[in-house]
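Here is the structure we will look at.
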Amino acid sequence: MTVRVEREDFDVGAEVARLTVGRSDIGAIVTFSGTVRGGSGADAITAMTLEHYPGMTEAELARVEAEAGKRWPLKASLIVHRIGTLKPGENIVLVVTASAHRQAAFAAAEFLMDYLKTRAPFWKKEMRADGQARWVAARECDREAAGRWEEISPPR
Amino acid sequence: MTVRVEREDFDVGAEVARLTVGRSDIGAIVTFSGTVRGGSGADAITAMTLEHYPGMTEAELARVEAEAGKRWPLKASLIVHRIGTLKPGENIVLVVTASAHRQAAFAAAEFLMDYLKTRAPFWKKEMRADGQARWVAARECDREAAGRWEEISPPR
Amino acid sequence: MPVKILYFAWVREKIGKAEEILDLPANVTTVAELMVWLKGRGPEYAEAFAQGDVIRVALDRNHVKSTAPLSGAREIAFFPPVTGG
Amino acid sequence: MPVKILYFAWVREKIGKAEEILDLPANVTTVAELMVWLKGRGPEYAEAFAQGDVIRVALDRNHVKSTAPLSGAREIAFFPPVTGG
């Protein structure tokens with residue numbers, strides 16, 4: 001159960017290897033990588049800057065990860081979130097979940113992403129191709145996605 | 001959209017990089033890795049051998065992948081399944097899905113795994129610590145997991 | 001018309017061969033009839049097909065039900081429920 | 001009692017500073033009251049908090065609603081809805 005906030009890029013394979021090395025109790029590993037989309041036409045962007053609330057971010061991600069560990073029988077999990085200025089195609093966020101079976105690993109990874117999107121104090125600013133900079137607006141569908149976990153009891 | 005059946009191990013990070021290199025239209029990448037569990041006590045295993053139906057396997061995986069591509073707006077996908085003799089902790093299967101948004105990538109990866117588990121002609125034989133060899137029995141919960149996709153209309 | 005028959009996993013082990021080419025009698029027109037006919041070929045077949053309802057079938061590399069007509073398939077495969085992934 | 005106030009993203013940009021230490025009047029006891037009081041500190045605050053209902057608040061690094069009492073929090077942060085991930 002690890003949380004990191006950093007400027008450097010991550011390598012999905014290396015992170016999975018580190019999390020699972022020497023273990024034979026894991027049967028299923030799910031990773032989610034979020035990347036910067038470049039958009040197109042009037043929505044084309046040249047870069048994205050990620051600002052966060054140092055201290056609260058780590059605390060919030062750790063709370064979210066602990067909650068996932070209570071809901072599903074996870075063998076290991078990892079959240080890495082980058083900050084600073086990123087170009088289209090670059091990695092933003094990585095979530096890894098490992099469990100004995102795939103259902104728990106999939107559900108926990110989705111849960112972590114949904115909660116991270118609505119609770120972790122990060123803000124994205126897009127640098128647009130037309131020279132304008134714009135703070136990204138929160139998406140209503142992310143609030144709905146997070147809301148669904150409050151009704152479902154976990155499939156333990 | 002690629003399908004491979006092979007003896008060699010795969011590297012999750014390298015496969016993701018190959019699928020996404022030079023692309024800025026992808027926002028979400030989900031990977032699923034299935035690995036050999038070692039079990040414990042009376043269920044401890046020393047190795048697992050994977051047999052398949054050459055020709056049909058590739059055709060079935062391609063059909064499953066094409067079906068996922070019809071149901072969700074995928075930018076890329078990959079299925080790699082290993083054959084031969086594997087030790088506890090080793091990789092068995094890799095599924096990668098890439099889309100603009102995470103919901104499609106998650107759903108398609110789960111769908112691919114559920115269908116692969118019930119349709120792709122692979123059979124596992126466990127070599128047990130007590131010297132016995134045993135064909136793994138199909139799990140009813142895998143049939144149920146695949147069945148749920150026949151009722152849901154895709155969230156396009 | 002000779003047909004290629006394939007066996008996988010424990011079906012293969014019980015029958016003792018991975019494949020064979022057989023000429024099917026004209027009255028064997030469905031998968032279920034083929035399984036009954038194969039059972040008559042010897043005790044190893046009888047044992048392999050003893051639990052016929054758990055055995056899965058593919059005609060020319062497509063999953064079919066046991067009620068399916070053979071429909072001129074050139075390659076017929078018998079195997080247990082799949083356990084990959 | 002001095003309190004550390006933090007501003008993030010466009011709240012920070014509108015106010016023109018990332019943080020400040022302020023002594024709050026005794027009659028400011030809830031998040032909502034603090035937002036009203038901050039609005040009175042100048043046009044940049046008034047603009048930042050003009051759409052008070054979209055601004056999110058954390059007390060000592062925990063999300064709270066705007067109706068929450070300040071309860072002696074030492075660090076209060078104002079920011080737009082989060083957009084990470």
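Throughout, a chain's letter reflects where its sequence line sits, starting with A, and its residues are numbered from 1. Model, not experiment: these values are computed from the prediction.
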Spacing of [X] atom [atom1] and [Y] atom [atom2] [to the nearest 0.5 Å]:
X: B/Met56; Y: C/Leu6; atom1: CE; atom2: CG; result: 10.5 Å
X: B/Thr118; Y: C/His63; atom1: OG1; atom2: NE2; result: 8.0 Å
X: B/Glu51; Y: C/Arg12; atom1: CD; atom2: CZ; result: 4.0 Å
X: B/Trp135; Y: C/Trp10; atom1: CH2; atom2: CH2; result: 10.5 Å

Taking every non-hydrogen atom, the tightest pair across [X] and [Y]:
X: B/Trp123; Y: C/Pro80; result: NE1-O, 2.9 Å
X: C/Val82; Y: B/Ala138; result: O-CB, 4.0 Å
X: B/Lys117; Y: C/Gly84; result: CD-O, 3.6 Å

Heavy-atom distances under 4.5 Å only: say whether [X] touches chain C with side chain, backbone, both or neither.
X: B/Ala120; result: backbone
X: B/Lys124; result: both
X: B/Arg82; result: neither

Decide yes or no for C/Asn62 and B/Arg63: does some side-chain heavy atom of the first lie under 4.5 Å from some side-chain heavy atom of the second? yes
Within-4.5 Å side-chain heavy-atom neighbours: C/Arg61 and B/Glu60: no
C/Gln51 atom CD, neighbour heavy-atom count above 12 within 6.0 Å: no
Flag yes if more than 12 heavy atoms outside B/Arg139 fall under 6.0 Å of its CZ atom; otherwise flag no. yes
